[in-house]
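Report on the following structure.
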Amino acid sequence: MVSGLVRHLRDRVAYRRYVWAQIRQSRAKRRKDASFRIEPFVRVIKSYCPDLTPGASILCIGARNEIEVSILEREGFSGVTAIDLWSSSSKIRKMDMHALRFREDSFDLIFASHVFEHAYDFPRVAHECARALRPGGYLFCAFPTGFEGNDHDRVDFGDAEGLLRHFAFWRPEKLYEARNLNEVSVLFRVAK
């Protein structure tokens with residue numbers, strides 16, 4: 001009993017350290033303009049997901065600032081929700097990707113640009129994303145590869161298959177994949 005309690009307390013302390021490391025990094029990059037990366041990603045989504053209507057429900061994970069929301073809205077999507085561990089914007093809800101506070105089947109698309117590599121427990125994040133997606137929903141993500149893990153960049157998936165392995169239970173259907181230098185982007189659909 002005592003060893004279980006000690007392990008639980010250690011895990012909570014480790015997770016709190018993780019959260020603070022992520023918040024520090026997010027705050028440091030809060031003014032970064034990633035539109036050069038986001039705009040081509042949104043074009044991929046529009047090209048490969050023709051059934052996403054302007055009112056499609058979209059979740060941006062790790063939005064940090066309003067750039068992702070603005071680009072998606074400018075491209076005609078009105079149902080955009082954004083989350084991050086920390087934000088000074090009223091358009092971005094404070095929420096942890098490990099514990100999404102949305103009902104099952106809430107979103108048509110989850111957009112996660114350079115977010116999943118920061119996960120503390122990626123299998124849990126994958127479960128939360130699959131739970132929040134509607135059957136046949138899409139997930140677009142981009143992530144770096146070939147890096148040395150640290151407190152901020154924690155998970156190197158290696159390639160698209162390394163990421164998709166975590167979604168195997170939901171039978172992902174890969175629609176798009178690109179690799180540029182040390183970055184992979186992938187769009188897939190979950191069967192549920």
Handout entry: Residues Arg64 and Asp84 bridged, charged N to O under 4.0 Å
Key = no

Fill in the blank from the handout: d(Ile61 CD1, Phe111 CZ) to nearest 0.5 Å is 11.0 Å

Exercise for the section: State plainly whether one hydrophobic cluster holds both Phe140 and Ile110, where clusters connect Ile, Leu, Val, Met, Phe, Trp and Tyr through side-chain heavy atoms under 4.5 angstrom apart. Expected result: no

Exercise for the section: Under the side chain to side chain contact (heavy atoms under 4.5 Å, CB included) rule, collect the residues that match up with Glu39, sequence neighbours excluded. Expected result: Ser35, Arg43, Ile71, Arg74

Problem - Arg179, CZ atom: more than 12 neighbouring heavy atoms under 6.0 Å - result: yes

Problem - Residues which pass side-chain hydrogen bond (donor to acceptor under 3.5 Å, both in side chains) with Ser57, listed by chain and number, not counting sequence neighbours - result: none

Problem - From Thr81 atom OG1 to Leu72 atom CG, the distance as rounded to the nearest 0.5 Å - result: 11.0 Å

Exercise for the section: Compare all side-chain heavy atoms of Leu139 with those of Phe167 and state whether any distance is below 4.5 angstrom. Expected result: yes

Completion exercise
Residues passing the salt bridge (Lys or Arg N to Asp or Glu O under 4.0 Å) test with Lys46, sequence neighbours excluded, are Glu75

Handout entry: Nearest heavy atoms of Thr145 and Asp156, plus distance in Å
Key = CA-OD1, 3.5 Å

Enumerate, atom names and distances included, each donor-acceptor pair closer than 3.5 Å involving a side-chain atom of residues 180-190, sequence neighbours excluded.
residue	atom	partner	partner atom	Å
Glu183	OE2	Arg37	NE	3.3
Glu183	OE2	His114	NE2	2.5
Arg189	NE	Gly136	O	2.6
Arg189	NH1	Tyr138	OH	3.2
Arg189	NH2	Asp51	OD2	3.0
Arg189	NH2	Gly136	O	3.4
Arg189	NH2	Tyr138	OH	3.2

Handout entry: Spacing of CD1 belonging to Ile38 relative to CD1 belonging to Ile67, to within rounding of 0.5 Å
Key = 8.0 Å

Handout entry: Contact summary for Gln22 and Leu85, nearest pair of heavy atoms
Key = CB-CD1, 3.6 Å

Practice task
Looking only at non-hydrogen atoms, find the nearest pair between Glu117 and Ala142 and report the distance.
Solution key: OE1-O, 4.2 Å

Problem - Val125 reachable from Phe143 in the ILVMFWY side-chain graph, under 4.5 Å edges - result: yes

Practice task
Please name all residues satisfying ring pair (Phe, Tyr, Trp, His ring centres under 6.0 Å) with Phe102, sequence neighbours left out, ordered by chain then number.
Solution key: Phe107

Exercise for the section: Identify, with sequence neighbours excluded, every residue that meets ring pair (Phe, Tyr, Trp, His ring centres under 6.0 Å) alongside Tyr120. Expected result: Tyr15, Tyr18

Exercise for the section: Can you sort out the partners of Phe116 under ring pair (Phe, Tyr, Trp, His ring centres under 6.0 Å), two or more places apart, ordered by chain and number? Expected result: Phe122

Taking only distance into account, with no hydrogens and no angle test, what donor-acceptor pairs under 3.5 Å do side-chain atoms of residues 157-166 form with protein atoms, sequence neighbours excluded?
residue	atom	partner	partner atom	Å
Asp159	OD1	Glu161	N	3.2
Asp159	OD1	Gly162	N	2.8
Glu161	OE2	Lys174	NZ	2.8

Problem - Atom of Ala119, atom of Arg154 and distance for their closest heavy-atom approach - result: O-NE, 3.3 Å

Handout entry: Spacing of Met97 atom CE and Asp121 atom CG [to the nearest 0.5 Å]
Key = 10.0 Å

Exercise for the section: State yes or no: do Leu109 and Leu59 share one hydrophobic cluster built from I, L, V, M, F, W and Y residues joined by side-chain heavy-atom distances below 4.5 Å, directly or via other members? Expected result: no

Handout entry: Closest heavy-atom pair and its distance - Asn65, Ile92
Key = O-CD1, 3.1 Å

Exercise for the section: First locate atom SG of Cys129, then atom NE2 of His98, and finally report the distance between them rounded to the nearest 0.5 Å. Expected result: 10.0 Å

Practice task
Not counting sequence neighbours, which residues clear ring pair (Phe, Tyr, Trp, His ring centres under 6.0 Å) with Tyr176? List them please.
Solution key: Tyr48

Exercise for the section: May I ask whether Trp86 and Val69 are part of the same hydrophobic cluster, defined by side-chain heavy atoms of I, L, V, M, F, W, Y residues being less than 4.5 angstrom apart, directly or through others? Expected result: no

Exercise for the section: For Ala21, enumerate each residue passing the side chain to side chain contact (heavy atoms under 4.5 Å, CB included) test, keeping only those at least two apart in sequence or located in another chain. Expected result: Arg24, Asp151

Problem - Shortest non-hydrogen contact from Glu68 toward Gly62 - result: OE2-O, 4.3 Å

Practice task
Would you please name every residue forming a side chain to side chain contact (heavy atoms under 4.5 Å, CB included) with Asn150, sequence neighbours left out?
Solution key: His152, Asp153

Practice task
Can you measure from OG (Ser106) to CZ (Arg101) and round to the nearest 0.5 angstrom?
Solution key: 13.0 Å

Handout entry: Test side chain to side chain contact (heavy atoms under 4.5 Å, CB included) applied to Pro135 - qualifying residues, sequence neighbours left out
Key = Asp105, Lys192

Handout entry: Donor-acceptor under 3.5 Å (Glu128 side chain, Leu100 main chain)
Key = yes

